Asker: 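Quick one: structure below, then a few questions.
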Amino acid sequence: MSLWVDKYRPRSLDELNYHRGLSERLKSLAASGDFPHILFYGPSGAGKKTRISCTLRELFGPGVEKLKIDQRVFLTPSKRKIEINLVQSNFHIEITPSEAGNYDRVVIQELLKEIAQTQQVDLGAKQRFKVVIINEADSLSRDAQAALRRTMEKYMSNMRIILCANSTSRLIAPIKSRCLLMRVAAPSDEEMSSVLQSVARKAKFTLPTDAGNKIVDDSGGNMRKAILVLEALKMQSPDLTGPLSIAKPDWEVYCYKVADLIVSEQSPARVMEVRAKFYELLSHCIPPTVILKTVAERVVDKVDEALKADIMHWAAFYEVRMRMGNKKIYHLEAWVVKVMSLSKHFFYNIDMSDFD
Amino acid sequence: MAANFFAAKAPSNKTSVKHVVDPTLQPWVEKYRPKTIDEVSAQEHTVAVLRKTLTSTNLPHMLFYGPPGTGKTSTILALARQLFGPDNFRNRVLELNASDERGIAIVRDKIKNFARQTPRAQAISSDGKTYPCPPYKIIILDEADSMTQDAQGALRRIMETYARITRFCLVCNYVTRIIEPLASRCSKFRFTPLDSESASLRLAHIAKAESIDINQPVIDALINTSNGDLRRAITYLQSASRLSSSSNPPTPILPLDIQEIAGVVPDNVISDLAQTLGIDMDEGMDIDDTPKAKHIGFDPIKKKVKFFMREGYSATQIISQLHDVVILHHTLNGRQKSASALVFAEADKALCDGADEELWVLEVALRVHKAVSSR
Ligand SMILES: Nc1ncnc2c1ncn2[C@@H]1O[C@H](COP(=O)(O)OP(=O)(O)O)[C@@H](O)[C@H]1O
Ligand SMILES: [Mg+2]
């Protein structure tokens, strides 16, 4: 039993419900015989992955859907072994180099060289090149990106690269200029509603408009999340009428509690209480940036207008530090202390300008 | 049979086998690389000096420096080709760039070996033309600023010892990354970003040769998105033409396509953001200094930032475009601009350190808003 997100995932470019212009472009590029390296970028859940697999199908036909998963071992210069999972078909290969951590350059170099130097073996293949999909390309190290830059030019004749990233900010300019950039924006609310409706049709039920709108409101442009929620709701109340409550994930509820603790009392004891909760979240592997952003957004919803900008300022400030530093908890805590002292001062009406 | 043939042959031929690229798939930056130095646009001074070297037998060691895509590599390759012609080029010119291994071992070995060889006698040119073919060889070290200090140090002796028979041309972006003893041995040539007129002419030339139809607004968009880097402008043009010719029926290229290809946020979208932040975007319409009382709250700004994130624009791009709007603005005063400048700098650093994009776009937005609403 697969989830609806997978089961009803569009498989060809024609089936994609939104960003028709993009689909048309991809279709004609696939047909033109002059298919470039492409960089797909956009927020999570906007449909980049789906669009990429539809493009592959357009290029090679249904054969690309026959996937096998391999594990490969790479040897680093210091003779350490790293294992990487590769998803591949006869026509393409997909890697997530961040699995290799600091050794992503080795993986990129070895693997791409190997692929580039082997010609397409399948004589019936519709294209002379193989496609390499690199997921989470924005987490590639600079070294790995530099290695990629060279390969992209050198092996253009039998390989095309498709990069998938959330943003282009972390990619070096020479990579960006060697790719055709394809921005995949999150679908608009209307587009999301219509996708939900079409999922409902495929699953053979009718989705009341109210329920659909509610799901859309809740999912902030993330199509994957919306479909997951739709499926969950349908399990809970099969007729989807009446008041629906979209259950928040546990960690999110927990973050809200933390925010409420910060807003309701500012004291050293409260800091300790909040700290314990941060530990709890971190130990459940919730990324620290997600924790900070979720708590901060909830806090600014509940405080006076005059404090909001400052609270977000310190969130931005401590978030970078958290990335550079080692102990995530220190920075989360520091932010809490900052926020508490801001609101205390605001409450007692003290001029804050001397405190920064 | 065939497989064996390749297996046996390939390794021994390693350097001479080049990937044969179908000319229709050739990147235009290669296809339209200037073939002679006179074809190089905009670098008049450099070209004038180099033209003289074609008629004398003298050539100094040279250092070309300047931003990417201004014609440095093209100029030296064209000069070398004009000096030696196609038949002598291979044994008279050694070209190494950053993608070749260029550590100190290579300097001692490969570069030195090439430098010390006596130039071979001039081969009869097969194209019937005569070339000056002066009695020295040229070693081109492209992207020389990525060579280590040690490797540069090792070059110094070689440069001196074989100066009679070997000339060096170092090519780099930053002259300060070349060690002083090397730099001081070279005549320096500065390459400047292409002015829009020269860039425009070159782009029009390429468009004509490829028989694609582009108008001035498209050329302007190419120039504006590429900041004097002709390589980028040409690449964008090729992508745009690829998209337009592959669509069915072929569509004309629009300035908006260029912006999309370059990953640029459309002007109206940025103006809209600026307006949300309280920046006046109607080109100096209200001259009277009525204090703008419009107070914009936190929520509209946050909402706008969320929208930008959903659209998938990259934070660095948004921030750099907003920067231009603020800094070049006609009616904002110096204080307002300076206060904004601070946050742009902080954001750039934070994003380089991998900071969360949404948090920093919001931070920039809030602080610019604060700056422009104070007088
Ligand atoms: N001054 C110029 N005149 C004509 N074409 C140029 C000029 N500068 C750059 N180009 C174009 O841009 C491409 C890259 O130029 P290149 O010489 O490699 O730049 P760089 O200065 O980075 O070495 C060339 O192939 C050529 O098509
Ligand atoms: Mg160059």
Side-chain angles (χ1 to χ4, degrees), chain A residues 24-25 27-36 39 41-43 46 139 146 149-150 153-158 166-171 173-174 176-188 220-221 289 292-293 296-297 300 305 308-310 312-313 315-317 319-321 323-324, chain B residues 10 19-22 24-27 68-69 98-99 226 229 231-232 235-236 238-239 242-243 245-248 250 260-263 297-299 301-302 306-307 309-317 319 346-347 349-360 362-364 366-367 369-370:
Chain A
E24 285 305 316
R25 287 183 159 195
K27 229 170 126 173
S28 24
L29 282 173
S32 72
D34 183 18
F35 193 78
L39 164 58
Y41 69 104
S139 65
R149 159 186 182 176
R150 199 185 154 203
E153 282 185 336
K154 219 170 151 188
Y155 303 119
M156 186 74 187
S157 52
N158 43 7
N166 282 324
S167 161
T168 61
S169 291
R170 262 169 243 164
L171 291 168
K176 284 185 267 191
S177 69
R178 282 169 178 77
C179 292
L180 185 58
L181 300 190
M182 288 269 173
R183 182 171 58 87
V184 184
S188 68
T289 296
L292 180 56
K293 280 176 77 174
E297 283 193 13
V300 290
E305 176 78 20
K308 293 178 194 236
D310 282 338
M312 291 317 290
H313 164 74
F317 178 89
E319 196 267 341
V320 211
R321 294 194 153 206
R323 280 185 198 254
M324 310 292 287
Chain B
H19 279 263
V20 187
V21 185
D22 180 346
T24 56
L25 300 184
Q26 202 185 9
S99 52
S226 60
D229 176 346
R231 179 190 288 108
R232 255 165 74 189
T235 311
Y236 293 156
Q238 184 172 19
S239 297
R242 202 179 242 151
L243 281 176
S245 66
S246 65
S247 51
N248 193 8
E260 187 72 45
I261 287 167
F298 176 84
D299 287 330
I301 295 180
K302 182 176 155 205
K306 285 245 180 256
F307 163 80
M309 294 293 115
R310 270 180 72 155
E311 284 296 301
Y313 296 116
S314 93
T316 44
Q317 189 64 44
I319 291 174
E346 282 170 42
K349 165 81 172 106
L351 290 170
C352 273
D353 290 340
D356 183 80
E357 304 210 343
E358 183 177 353
L359 282 175
W360 277 92
L362 181 62
E363 170 74 356
V364 168
L366 290 168
R367 294 221 346 234
H369 167 57
K370 193 170 159 195

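What you see is a predicted model; the values in this text were computed from it and never measured. Each chain gets a letter, A, B and so on, in the order the sequences are listed, and its residues count up from 1.
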Asker: Given a strict heavy-atom distance threshold of 4.5 Å, which part of B:Ile261 is in contact with chain A: side chain, backbone, both, or neither?
Answerer: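 Both the backbone and the side chain of B:Ile261 come within 4.5 Å of chain A.
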Asker: Between B:Lys349, B:Glu357, B:Arg367, who has the most heavy-atom pairs with chain A when the cutoff is under 4.5 Å?
Answerer: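 Among the listed options, the one with the most contacts to chain A is B:Glu357.
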Asker: Could you tell me whether the side chain of B:Arg242 and the main chain of A:Phe35 form a donor-acceptor pair under 3.5 Å?
Answerer: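 Side chain of B:Arg242 to backbone of A:Phe35, a donor-acceptor pair under 3.5 Å: no, none is there.
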Asker: Would you give the length of the straight line joining atom CZ of B:Phe298 to atom CD of A:Glu305, rounded to the nearest 0.5 angstrom?
Answerer: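 If I round to the nearest 0.5 Å, the distance is 8.0 Å.
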Asker: Between the side chain of A:Arg183 and the main-chain N/O of B:Glu260, is any donor-acceptor distance below 3.5 Å?
Answerer: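 Side chain of A:Arg183 to backbone of B:Glu260, a donor-acceptor pair under 3.5 Å: no, none is there.
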Asker: Sort A:Arg323 into side chain, backbone, both or neither according to what part of it lies under 4.5 angstrom from a heavy atom of chain B.
Answerer: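 Just the side chain, heavy atoms under 4.5 Å.
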Asker: Looking at every heavy atom in both B:Ser239 and A:Leu180, which two are closest together, and how far apart are they?
Answerer: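 Nearest pair, atom of B:Ser239 first, then A:Leu180: CB-CD1, 3.5 Å.
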Asker: Counting heavy-atom pairs under 4.5 Å to chain B, which of A:Ser139, A:Ser169, A:Ala185 comes out on top?
Answerer: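 Looking at each option in turn, the highest pair count goes to A:Ser169.
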Asker: Would you say A:Glu319 and B:Glu363 make side-chain contact, with heavy atoms under 4.5 Å?
Answerer: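 With C-beta onward as the side chain, the pair stays apart.
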Asker: Could you check which of A:Ala315, A:Ala31, A:Gly220 has the highest count of heavy-atom pairs closer than 4.5 Å to chain B?
Answerer: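 Winner by heavy-atom pair count: A:Gly220.
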Asker: Picking from A:Arg170, A:Lys293, A:Arg321, which has the most non-hydrogen pairs under 4.5 angstrom with chain B?
Answerer: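 Going by pairs under 4.5 Å, I would pick A:Lys293.
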Asker: What are the two closest non-hydrogen atoms of A:Val320 and B:Ala355, and how far apart are they?
Answerer: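 Taking A:Val320 first and B:Ala355 second, the nearest heavy atoms are CG1-CB, 3.9 Å.
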Asker: Go through B:Leu351, B:Leu243, B:Thr235 and name the one with the most non-hydrogen pairs under 4.5 angstrom from chain A.
Answerer: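 The candidate making the most pairs under 4.5 Å is B:Leu243.
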Asker: Can you tell whether the side chains of B:Lys306 and A:Glu297 come within less than 4.0 Å, N to carboxylate O?
Answerer: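 Counted as a salt bridge, because a side-chain N and a carboxylate O are separated by less than 4.0 Å.
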Asker: Counting heavy-atom pairs under 4.5 Å with chain B, which one of A:Ala46, A:Ala186, A:Ala316 comes out on top?
Answerer: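 Looking at each of A:Ala46, A:Ala186, A:Ala316 in turn, A:Ala316 comes out on top.
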Asker: Would you call B:Leu359 and A:Met312 a side-chain contact if the rule is heavy atoms closer than 4.5 Å?
Answerer: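 When only atoms from C-beta onward are counted, A:Met312 and B:Leu359 do touch, with a gap below 4.5 Å.
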Asker: Sequence neighbours excluded, which residues qualify as salt bridge (charged side-chain N to carboxylate O under 4.0 Å, His left out) partners of B:Arg232?
Answerer: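 Here no residue qualifies.
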Asker: With a 4.5 angstrom heavy-atom cut-off, is it the side chain or the backbone of B:Ala347 that approaches chain A, or both, or neither?
Answerer: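 Interface part for B:Ala347: neither.
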Asker: Quick one: of A:Ala309, A:Gly42, A:Ser32, who has the most non-hydrogen atom pairs under 4.5 Å with chain B?
Answerer: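 Ranked by heavy-atom pairs under 4.5 Å with chain B, first place is A:Ala309.
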Asker: I need the residue from B:Lys302, B:Lys370, B:Met309 with the largest number of non-hydrogen atom pairs under 4.5 Å to chain A.
Answerer: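 Top count of heavy-atom pairs under 4.5 Å with chain A: B:Lys302.
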Asker: How many angstroms lie between CG in A:Asn166 and OG in B:Ser314, if you round to the nearest 0.5 Å?
Answerer: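 Reported value, rounded in 0.5 Å steps: 12.0 Å.
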Asker: Hey, are B:Gln317 and A:Thr168 close enough side-chain-wise for a donor-acceptor pair under 3.5 Å?
Answerer: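 No donor-acceptor contact under 3.5 Å links the two side chains.
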Asker: Need one label for B:Tyr236: side chain, backbone, both or neither, based on atoms under 4.5 Å from any heavy atom in chain A.
Answerer: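 Contact with chain A: none, neither part.
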Asker: Out of B:Gly354, B:Gly297, B:Gly312, return the one with the most heavy atom pairs under 4.5 angstrom to chain A.
Answerer: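 If we count pairs closer than 4.5 Å to chain A, B:Gly354 comes out on top.
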Asker: Which distance, rounded to the nearest 0.5 Å, do you find between the CD1 of B:Ile301 and the NZ of A:Lys308?
Answerer: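 It is 12.0 Å, given to the nearest 0.5 Å.
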